[in-house]
Every structure is written in C-alpha cells, then in structure tokens.
Amino acid sequence: MANPYYNISGSPSVGSQGSSAVMRAEFALIEAGFDLAPALTANSLIRTNSSGTGFSNVSALVTTWTPTLTCDIVGNLSVAYTTRVGNVVRLGRFVYATCHILTSTFTHTTASGGINVSGLPNPDQSISGLFAAARGGAHIGAFTAPANSTAFNSYVANSRIYILASRHGTGGNDNLQITNFTSGVQVEMRLSCAYITTSD
Amino acid sequence: MANPYYNASGVPAASSPAQSSTIRSELLLIDNGFSKLCGFTPANRFVGINSVATAWEVRSGEPYLQGSGTDASIEFLGGNGTASFGYNVRAYTYVLLGELLILHYSVNVTVTIGTATGTMIVNIPALQSMTVNGGVGFGWGLFGPAIANTDAYGPYLVFANTIPRLAMIYNDANGSSGVPLLVDASHFASTTTYSIAGSIVVPFNGS
C-alpha cells in the first residue's frame, strides 16, 4: 500500500546483477522515509503539522513548580514557607496550574501593589494587558477584604497568579493588594488557574 | 528488538549468491512497516493508534489548533439599530485540544447605544466555523462599568443565528430574580467606554 514514507521501487530488477549503487539508492529512499517520522521530543504528543506535510510535537507533561509569594513592588517583603508546592498539567498551549503556600514568615512595610504568586513554569499569552486565564479557585487565608468584596478568584497575568476581588454594588474588580495582608500574620493560599502559554 | 513495523528476516544468508527477488522481498517488508504509519492530513490533528491497534492514524476529529485575533466585536441580538462602536481593544486567543476549547477574549469599546436592543453578544470570528458539542462550559468574565447590584460576570456560549457566540451572564446580587441574567442593550449608557472580557472552557467540535 502506498505510503508517504517509503514505497518499494522495484529495484533490484528481476535477473539483474548485484549493484551497490542500486542498493544505496534504495537505502537512501528508506532513510528519507524515516526523516518524515516524528521528532523524538521528550514528553510530547504528535500532531500533523499546519501544512499537512509532516508532524509536529505537542508538549504533554505533568510536573511540579515552585511558587513564590510576592507582589508588584517587592520593597522589604520577606517570606519563608512551611508549605510551598505547585503542580501543573500541560497539553500543548493549555496549562492548568495549582499551588499551595503556607508561610512561616511574612513581613513587609514598604511592599506595595498586587499580591501574586510567581514561578509558573510556562509564560502566559497575555491579551492586551488584560487577563488571559480561566477562572481558578482561590482559597486564601488571613487578609483584610476590600470593602464590598463578595468573590475572589485567581487569574494569570504577566506569568503570575493574581487574585481578583469582585465587589458588589458599584462593581469593580481589583487585584488583592499586599497591603490587604497584615505583616507578621501567616498567609495561606490554595490557587488554581488555567491559561494559554506561548508555544506548543 | 522485535517491533510491529519491520524486523530483519536474516536474508540474504551469509555467503549466499545475490538474488534480486530476495532483496525485493526484504524491501517490501520495510515498505509494509512504513505503511503502518499514518499520513499527514488533515493538518493540525492529533495522531494516535487506530481502534484495532494495527496502525497509526490521524485523528481527524481531534484537532490541535491555536490562534489569536484582533477582530472580536460586539452586537445586540435584537438589532444594533443606530448603535455605533469605537473599538480600542478587540483581542482573543484560543487553543482547541481535541474537543476542548479554551478561549480568552477582551474587548474595550466605546458604545453609543442608540436604538440597539436585545442581548449583547461578543463575536469571535475563529468560533464561527466550529460546531458546539453542547453545554456552556465554565468561564468567568469582566464587564465594566458594572451593572448596579451585581458582583460577578461570566461568558455564556449561546447559539445565535446558528453561529456560536458569547453572551455575558451576570448575577443579580439582590437575588430578586433568582436566576442569572444576560447583559443586554439596556445596560449600556449612551456613549460610554466598556471593558468586556471573558475566559471559557467548553466542549467543541473542530471544523
């Protein structure tokens, strides 16, 4: 059956004398067939390429990552951890990441901006500076909620997980700030997020 | 090591006279081994093993597609009437994994609502050649300036004129209705800039 890799050419022909050149040519055709086989890229699935002429590899990986609790302007933020684990499932450009952080030290006086978790293993494909992640779960311990906040969800921006506070009434959605978390009080976060990364 | 594709038969035997038929037979075995691999079309499809475990196959119904665009738009299902739209941002990005679609979108638009009526819809051109399997998936969204007494928004995949499009659900925080509501033209003030964004994961059939 004809296939795109190697199809017997009929050489050597019936009754022909042995010819090294003929055999080398046949072996070259076989090699060309192997050239079309998928690359042996670790931790990947195979797909047909965008032009329908060969294969491409798609990342498929379950692994861990190390989350770091930080904020937009770090100042003198100091964090140490009792628990610090992250897990991630990646399939192509789709990434689903979770993490659990429990601090043993959490102090700051000059830090400011949105509190976030850095260290995601794959960068996010941001959309015009706005969020680029499906809503994730957010279980957060020990913070002062902004007025009228009714829901907290995690999302990914700039390759970090932020926590969005949704406010009732006048609405509005703002990142939880480092200043919503009291210096010296233990912080616990369990976060999850699905997002799109930048390469297959 | 034995494999399901090609295993050398041992011919030609040591010190045997060259025989073209023997070589052709061996090359045919190699040919048959390659025939267990699959072709390269359709493009952008996952490759797997067939249901009878005899060969590779291109999973034609399991696409791997990713893309983005800057041509998202909004409209109102009751008709745009005299409404006008001045877009500042109209971006989206998506990944289609087999039959699972992950879509993020963001529209910033100055709307002069005019006589528009009906449910607000976000159109994503990349969706319009796809078929929805069903369900609404899960997602979250942003809509601002916010509707009074609301606190949460979410994209909602609907069929409109046979084309899957994204409406926006919001929660009535007063609980008077008891059901999620859809953002519609009545929620738009005249000539105001709105941020409309969402993210959704939903079962899909690729085109």
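Letters A, B, ... are given to chains in the order of the sequence lines, protein chains preceding strands, and every chain is numbered from 1.
For the set Gly92(A), Ser16(A), Ser13(A), the count of heavy-atom pairs under 4.5 angstrom toward chain B peaks at Ser13(A). Ranked by heavy-atom pairs under 4.5 Å with chain A, the list Thr41(B), Leu103(B), Ile30(B) is led by Ile30(B). In terms of heavy-atom pairs under 4.5 angstrom with chain B, the leader among Pro12(A), Ala37(A), Pro38(A) is Pro12(A). Contact count versus chain A (heavy atoms, under 4.5 Å) is highest, among Cys38(B), Ser68(B), Gly48(B), Ser21(B), for Cys38(B). Considering only heavy-atom pairs separated by less than 4.5 Å from chain A, the leading option among Gln19(B), Arg59(B), Arg24(B) is Arg24(B). The choice from Asn44(B), Val47(B), Val58(B) that makes the most heavy-atom pairs within less than 4.5 Å of chain A is Asn44(B).
Among Phe40(B), Tyr6(B), Trp56(B), the single residue meeting the ring pair (Phe, Tyr, Trp, His ring centres under 6.0 Å) criterion with Tyr5(A) is Phe40(B).
In this structure, chain A has heavy atoms under 4.5 Å from both the backbone and the side chain of Val95(B). Contact annotation for Ser56(A): neither backbone nor side-chain heavy atoms come within less than 4.5 Å of a heavy atom of chain B. Interface remark: Val14(A) contributes backbone and side-chain atoms alike to the contact with chain B (heavy atom separation under 4.5 Å). Heavy atoms of Leu29(A) lying under 4.5 Å from chain B are absent altogether. For Leu45(A), the part sitting under 4.5 Å from any heavy atom of chain B is the side chain, from C-beta outward, and nothing else. If you measure heavy-atom distances from Leu27(B) to chain A, the contacts under 4.5 Å come from both the backbone and the side chain. Both the backbone and the side chain of Ser50(A) come within contact range of chain B, each with at least one heavy atom under 4.5 Å from a heavy atom of that chain.
The distance between the ring centers of Phe188(B) and Phe76(B) falls below 6.0 angstrom.
A donor-acceptor pair shorter than 3.5 Å cannot be found between the side chains of Tyr194(B) and Asn88(B). A donor-acceptor contact under 3.5 angstrom links the side chains of Ser195(B) and Asn108(B), judged on distance only. A donor-acceptor contact closer than 3.5 angstrom is absent between the side chains of Gln66(B) and Asp200(A). If you check the side chains of Glu26(A) and Ser9(A), you find a donor sitting under 3.5 Å from an acceptor. For Ser199(B) and His104(B), the side-chain atoms include at least one donor-acceptor pair closer than 3.5 Å.
The backbone N or O of Asn87(A) sits less than 3.5 Å from a side-chain atom of Trp65(A), completing a donor-acceptor pair. Although no hydrogens or angles enter the test, the distance criterion places no donor-acceptor pair under 3.5 Å between the side chain of Thr112(B) and the main chain of Ala83(B).
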